[in-house]
2 protein chains.
Amino acid sequence: MSSVPSQNGEPADSGRQRRRLTAGIKGSLRDLSNQLSLLNHHVGARVELKDADLDCLDLVNRHGPLSPSALARRAGLHPATMTGVLDRLQRGGWIAREPDPADRRAVAVRALRSRNAELFGLYEGMNAAMDDICAGYSDAELELLGDFLRRTTSAGRHAADELANG
Amino acid sequence: MSSVPSQNGEPADSGRQRRRLTAGIKGSLRDLSNQLSLLNHHVGARVELKDADLDCLDLVNRHGPLSPSALARRAGLHPATMTGVLDRLQRGGWIAREPDPADRRAVAVRALRSRNAELFGLYEGMNAAMDDICAGYSDAELELLGDFLRRTTSAGRHAADELANG
DNA sequence: AGCGTATCATATGAGTTCCGTACCATCGCA
DNA sequence: TGCGATGGTACGGAACTCATATGATACGCT
């Protein structure tokens, strides 16, 4: 809603420059993805959680109580695998399985907040660094960045869906 | 920590707005990370590669020939695990292990380009979507975005290093 | 030069995880 | 009320991870 594209009635040379910039964005995005995965991996190692476990925990923390099967779909995991993931998360005191009053087959996975401070502490370095980085931008620039990130996420979701279903 | 007065001569409201924007960026970044991981997961499934395998392949593709141990450090994997990863990648024809002429203990892992078109095809949807997104920005905006991504990646690297070593 | 230690990649084996399948309880619908 | 579909999980074989051990080689120190 905020980013305003600028039209390009520009010199003939600008095409190459543009491609370079776009390729740079895509490359940086790959690096970023790798690096964030690695960060998650190390955080997970500190609390004895697999990468996928941490992903699922994040999903539950972020998107409220969810059923195991919905979680499995979102995380791209086999339902039977999700049982194991949830077992580990439950054993570690990260989540609780509650009966769903509306459907007695179903289970609602709820995040317990008790260990969240611990997690937050592990992300504190990254968190502070992001605050620093963001502090250098104007409000308008931050909106531009946020908008870009959301659009890119949406593109990723779309591409993943296409691979999964199409 | 819900109400911190603004310290400078700005409108009383601006601090809150800023925090909202910054928090939004961080949240979007998490979503993005999850989504890109999921995309990689699906891509990997199409070519029978684990997530970690794909990460390693990307590292080799991107950062040239590397030794297994250097790769293990970069990917946050145990050296013995890396042997298994490389076995799979080699069996699939993604990489080759070459002797390092400078150090006869060492091995250089080289990416074979033969199957890269296949991978590229799987990322085609995302690739095109990113082109679309980028097309809406001016050169200056693209530079801003790229700079942000690089800085964020660097922050992630720093935070991960601190967790791994510190 | 020679010896000890560090490093490199990988083999081995125990423990863990993944996932196809099966199973039972429950739901939605005709 | 009956029947197919769905939800969650148990089970078991295959695959994976990782600590340790091993053999080869490099490097530092005297």
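The structure displayed is predicted, hence computed values, not measured ones.
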Inset, instruction - Identify the heavy atoms of Cys56(A) and Leu71(A) that sit nearest to each other, and give their distance. - result: O-CD1, 4.3 Å
Legend entry - Whether over 12 other heavy atoms sit under 6.0 Å from Arg115(B) CZ: yes
Inset, instruction - Look only at the side chain of Thr81(A) and the backbone of Leu77(A), and say whether a donor-acceptor pair between them is shorter than 3.5 Å. - result: no
Inset, instruction - List in numerical order all residues of residues 87-110 of chain B for which some heavy atom is under 4.0 Å away from an atom belonging to DNA chain C. - result: Arg97(B), Arg105(B), Ala106(B), Val107(B)
Inset, instruction - Return yes if a side-chain donor-acceptor contact under 3.5 Å exists between Asn34(A) and Asp58(B), otherwise no. - result: yes
Inset, instruction - May I ask you to decide whether Asp139(A) forms a salt bridge with Arg20(B), counting only side-chain N to carboxylate O separations under 4.0 Å? - result: no
Legend entry - side-chain contact (heavy atoms from CB on, under 4.5 Å) partner of Leu89(A), chosen from Leu54(A), Ile95(A), Val109(A): Ile95(A)
Inset, instruction - Name all pairs fulfilling the salt bridge (charged side-chain N to carboxylate O under 4.0 Å, His left out) condition that reach into residues 65-85 of chain B, sequence neighbours left out, sorted by first residue then second. - result: none
Inset, instruction - Heavy atoms of chain B, cut-off under 4.0 Å: which first and last nucleotide of DNA chain D, 5' to 3', fall inside that, if you could look? - result: dC16(D) to dA26(D)
Inset, instruction - Could you walk me through whether Ser67(B) and Val107(B) pass side-chain contact (heavy atoms from CB on, under 4.5 Å), step by step? - result: CA-CA 6 Å; Ser67(B) 77; Val107(B) 164; over 6 Å; no
Legend entry - Atom-pair distance (CG on Leu86(B); P on dC8(C)), nearest Å: 15 Å
Inset, instruction - In plain terms, say whether Arg151(A) and Asp147(A) are close enough for a salt bridge, that is, a side-chain N and a carboxylate O under 4.0 Å apart. - result: yes
Legend entry - Donor-acceptor pair, side chain of Glu162(B) and main chain of Ala159(B), under 3.5 angstrom: no
Inset, instruction - Specify the closest pair of heavy atoms between Met82(B) and Ala75(B), including all atoms of both residues, with the distance to one decimal. - result: CE-CB, 4.5 Å
Legend entry - Heavy atoms from other residues, nucleotides or ligands near NE2 of His42(B) exceed 12 (cutoff 6.0 Å): yes
Legend entry - Lys26(B) vs Thr152(B) side-chain heavy atoms within contact, under 4.5 Å: no
Legend entry - Sub-4.0 Å heavy-atom contacts from residues 75-85 of chain B onto DNA chain C, ordered by number: Pro79(B), Ala80(B), Thr83(B)
Inset, instruction - Strictly below 4.0 Å, heavy-atom distances to any atom of DNA chain C: list the hits from residues 43-73 of chain B, or just say none. - result: Ser67(B), Pro68(B), Ser69(B)
Legend entry - Net bend of the helix from dA1(C)-dT30(D) to dA30(C)-dT1(D), end axes of five pairs each, nearest 10 degrees: 40°
Legend entry - Side-chain touch Leu119(B)/Trp94(B), heavy atoms, less than 4.5 angstrom: yes
Inset, instruction - Before accepting this row, confirm whether a basic side-chain N of the pair Asp31(B)/Arg62(A) lies closer than 4.0 Å to the acidic partner's carboxylate O. - result: yes
